[in-house]
Amino acid sequence: MNRIEMIPVNSPLLEGNEKKYLSECIETGWISSEGPFVHKFENAMAQETGRKYASAVSSGTSALELAFAALDLEAGDEVIIPSFTIISCVSAIIRCNLVPIFVDSDLNTWNTNLEFIKKAYTNKTKAILLPHIYGLPIDLDPILDFAKEHNLFIVEDAAQMHGQSYKDRKCGSFGDISIFSFYANKLVSTGEGGMLLTNKQEIYLRVESLKNQAFIKGKRFYHEDLGFNFRMTNLQAAVGLAQVEQLEKFVLKKKLVGELYQEGLSSIKNIQLPVKQTPYATNIYWAFGLVLKGSLEGRAQEITTSLRGLGVDTRPFFYPLHKQPIIQKLGFAKNSVSLENAECLGDNGFYLPNGLGIDLKQVDKVCKSLRQILG
Ligand SMILES: *Cc1c(COP(=O)(O)O)cnc(C)c1O
């Protein structure tokens, strides 16, 4: 039997200074979070986004948890969050004793917008979590105005947006706190890792303390708060710094692969491809998703299985948070109004291989395979 070589959904690219910086860690013995690459990496990300403060942590998930722990919120306060996003977003809210209020997303951009947010707003709303989805940012300005008017905190989840801009401002620079993930499939990777960025010194200091067990300077092992160990190691930061140095090139590669997919798949009927451009941003295609419609609706499982048979791996879109068994069991899905777009995207969307390490022949093969199955 011939073994088919699979084209993976993600393959990282580690061809810059990663090895050199890692060797430095090993040669100097600095491997823990105390090493010098941590600050270098934080400074590079602060500079990249134009933020005043950056704090490196162990994952995007822990950055979200620290974000809600560091804001001035009380148990029972409501946080508006799109249903169409990753579980980390809602687990951070629930672990901080806050109440998630789910809102829908637009079928075209796959992002939430002010109209959905307005419908969920109550006098208990204290914050909005804004995760940009798959490479196209949320239309932020109307939401930021609304938040200002109603005194709401904004947490920007830019985990999929390294190097992306909204209008002429960098993603990762909006709201009270922004977070990034550096998981292996993100545009900047440290294997596992995350970062929290803010312009507010009091938030930064609280995050720095909470991520490090809330140790107190001068009085070690004496604690006035319960913290976490969410520190990033020097080894991870060494890789991260080398990756940020290449960010511009990485974004260009994602865009090129995205454009090739747009061309190669444009003849297929009944699939919706990602929005190329809006008045406020150009897609960088962190993930290249497609959504089945018309006669193809409901056939995602069958189609992705056929693709796998041809050596093409895929990933399903997010399964909506308000439909997650654990969220229903905890009683947080009850208030959800109609979130039919999130459900439609979850049922009919999946994304194609587009890791930074992909070669263009592989992109071509993915297009051919899809045309063969759907054409
Ligand atoms: C990847 C991701 C996260 C979580 O990051 P981890 O580093 O995997 O914990 C959070 N939010 C979004 C939108 C993500 O894509």
Side-chain angles (χ1 to χ4, degrees), residues 9-10 12 41 45 49 54-69 79-96 100 102-103 105 109-112 127-138 140 154-164 166 171-172 174-175 177-197 207 211 228-233 236-237 239-240 243-244 250 254 274 283-289 315-321 324 327 342 345-346 349-351 354-356:
V9 165
N10 180 59
F41 183 34
M45 286 300 294
T49 54
S55 182
V57 295
S58 54
S59 69
T61 302
S62 51
L64 282 166
E65 196 156 337
L66 285 168
F68 287 102
V79 181
I80 293 177
I81 165 182
S83 182
F84 188 64
T85 186
I86 194 166
I87 191 78
S88 320
C89 293
V90 70
S91 52
I93 292 168
I94 294 172
R95 288 231 168 82
C96 290
F102 298 109
V103 295
S105 294
T109 62
W110 308 335
N111 276 312
T112 195
I128 309 175
L129 175 59
L130 296 174
H132 307 290
I133 298 297
Y134 298 159
L136 188 72
I138 293 173
L140 290 166
I154 293 277
V155 177
E156 180 197 19
D157 181 345
Q160 308 179 348
M161 295 288 146
H162 316 70
Q164 175 61 300
Y166 171 80
C171 290
F174 293 94
I177 297 175
S178 304
I179 71 101
F180 283 102
S181 162
F182 306 118
Y183 181 61
N185 65 0
K186 302 294 158 80
L187 269 138
V188 167
S189 180
T190 59
E192 300 283 355
M195 202 170 284
L196 198 146
L197 298 108
V207 166
K211 83 172 184 190
F228 309 87
N229 175 358
F230 284 162
R231 301 180 300 251
M232 175 182 276
T233 67
Q236 291 167 306
V239 175
Q243 291 260 294
V244 190
F250 288 170
K254 283 277 186 188
N283 208 325
I284 60 167
Y285 306 109
W286 169 72
F288 194 94
R315 285 286 176 285
F317 271 18
F318 294 123
Y319 191 75
L321 294 178
Q324 301 286 352
I327 300 304
L345 293 171
F350 58 89
Y351 56 91
N354 80 333
L356 291 164

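Counting starts at 1 for both ligands and their atoms, in listed order.
- At least one heavy atom of Gly193 lies less than 4.0 angstrom from ligand 1.
- The closest side-chain heavy-atom distance from His132 to Gln160 is not below 4.5 Å.
- Using a 4.5 Å heavy-atom threshold, the side chains of Met195 and Phe41 count as touching.
- Ranking protein heavy atoms by distance to atom 11 (N) of ligand 1, first place goes to Asp157 OD2, 2.7 Å.
- With a 4.0 Å cut-off on non-hydrogen atoms, His132 does not touch ligand 1 at all.
- The atoms of ligand 1 that sit less than 4.0 Å from any heavy atom of Ser59 are 7 (O), 9 (O).
- The main-chain N or O of Gly289 is never found under 3.5 Å from a side-chain atom of Tyr134 such that the two would form a donor-acceptor pair.
- In this structure, Trp110 and Leu345 have side chains that are in contact, with non-hydrogen atoms separated by less than 4.5 Å.
- For ligand 1, the polar-atom distance check finds no N/O of Glu192 at less than 3.5 Å from any of the ligand's N/O atoms.
- Inclusion of Ser88 in the set of residues having an N or O under 3.5 Å from an N or O of ligand 1 is not warranted.
- For an aromatic pair to be called close, the ring centres must be under 6.0 Å apart, and Phe84 with Tyr319 fails this.
- Between Arg95 atom CZ and Glu65 atom CD the span is 5.5 Å, to the nearest 0.5 Å.
- The distance criterion of under 3.5 Å between nitrogen or oxygen atoms is met by Gly60 with respect to ligand 1.
- Residue contacts with ligand 1: Ser181 is placed with a nitrogen or oxygen under 3.5 Å of a nitrogen or oxygen of the ligand (distance criterion only).
- For ligand 1, the atoms lying closer than 4.0 Å to a non-hydrogen atom of Thr61 are 4 (C), 5 (O), 6 (P), 9 (O).
- Distance from atom 15 (O) of ligand 1 to its nearest protein heavy atom, with residue and atom name: Gln160 NE2, 2.8 Å.
- None of Thr112, Val155, Leu321, Val103 except one satisfies the side-chain contact (heavy atoms from CB on, under 4.5 Å) rule with Ile81; the exception is Leu321.
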